[in-house]
Amino acid sequence: MQLDTDAAENADYDGIAELWFDSQEGMEAVLTSQTYNDVVFPGEKTFLDHDNTLILVGEQFEIIGNHREGA
């Protein structure tokens with residue numbers, strides 16, 4: 001599968017944050033919650049430039065396996 005990574009490679013940014021969720025549904029539940037919209041999102045505006053924020057959503061895939069098995 002070929003992924004288009006031009007947006008990330010060419011981004012002019014000075015910071016990064018990584019958030020983990022158990023599922024896409026969990027992420028959507030948090031980002032659409034009343035608490036996020038009333039408390040978190042307004043707070044983000046004090047330190048994030050939302051108009052120029054690049055959001056990348058990814059998924060973790062195990063490619064090697066448990067390296068501790070049999071140890």
Side-chain angles (χ1 to χ4, degrees):
M1 171 174 54
Q2 181 68 28
L3 300 176
D4 180 8
T5 59
D6 286 344
E9 289 176 8
N10 297 319
D12 183 22
Y13 59 88
D14 61 359
I16 188 168
E18 183 175 18
L19 305 174
W20 286 72
F21 298 92
D22 290 332
S23 65
Q24 182 173 341
E25 294 80 16
M27 177 183 69
E28 291 170 1
V30 169
L31 297 179
T32 60
S33 72
Q34 196 70 40
T35 300
Y36 178 80
N37 285 295
D38 291 347
V39 179
V40 178
F41 187 77
E44 287 178 353
K45 292 181 179 182
T46 65
F47 62 92
L48 289 179
D49 178 3
H50 280 153
D51 291 336
N52 293 300
T53 297
L54 175 65
I55 298 173
L56 302 171
V57 178
E59 199 171 330
Q60 179 176 327
F61 291 97
E62 186 174 299
I63 58 172
I64 296 176
N66 186 350
H67 68 279
R68 296 182 191 264
E69 285 181 6

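All residue numbers in this chain count up from 1 along the given sequence.
- Linking Ile, Leu, Val, Met, Phe, Trp and Tyr residues whenever their side-chain heavy atoms come within less than 4.5 Å leaves V57 and L48 in two separate clusters.
- In terms of heavy atoms, D49 sits closest to N52 at OD2-ND2, 2.7 Å.
- Taking hydrophobic clusters as Ile, Leu, Val, Met, Phe, Trp and Tyr residues chained together by side-chain heavy-atom distances below 4.5 Å, L19 does not share a cluster with I16.
- Distance check: F61 CZ to E59 CD gives 4.0 Å after rounding to the nearest 0.5 Å.
- Remark: E28 pairs with Q24 by the side chain to side chain contact (heavy atoms under 4.5 Å, CB included) rule, at least two apart or across chains.
- When hydrophobic clusters are built by joining Ile, Leu, Val, Met, Phe, Trp and Tyr residues whose side-chain heavy atoms come closer than 4.5 Å, directly or via intermediates, M27 is grouped together with I55.
- Of the residues listed (V40, T32, D38, V39), the one engaging Y36 in a side chain to side chain contact (heavy atoms under 4.5 Å, CB included) is V40, and it is the only one.
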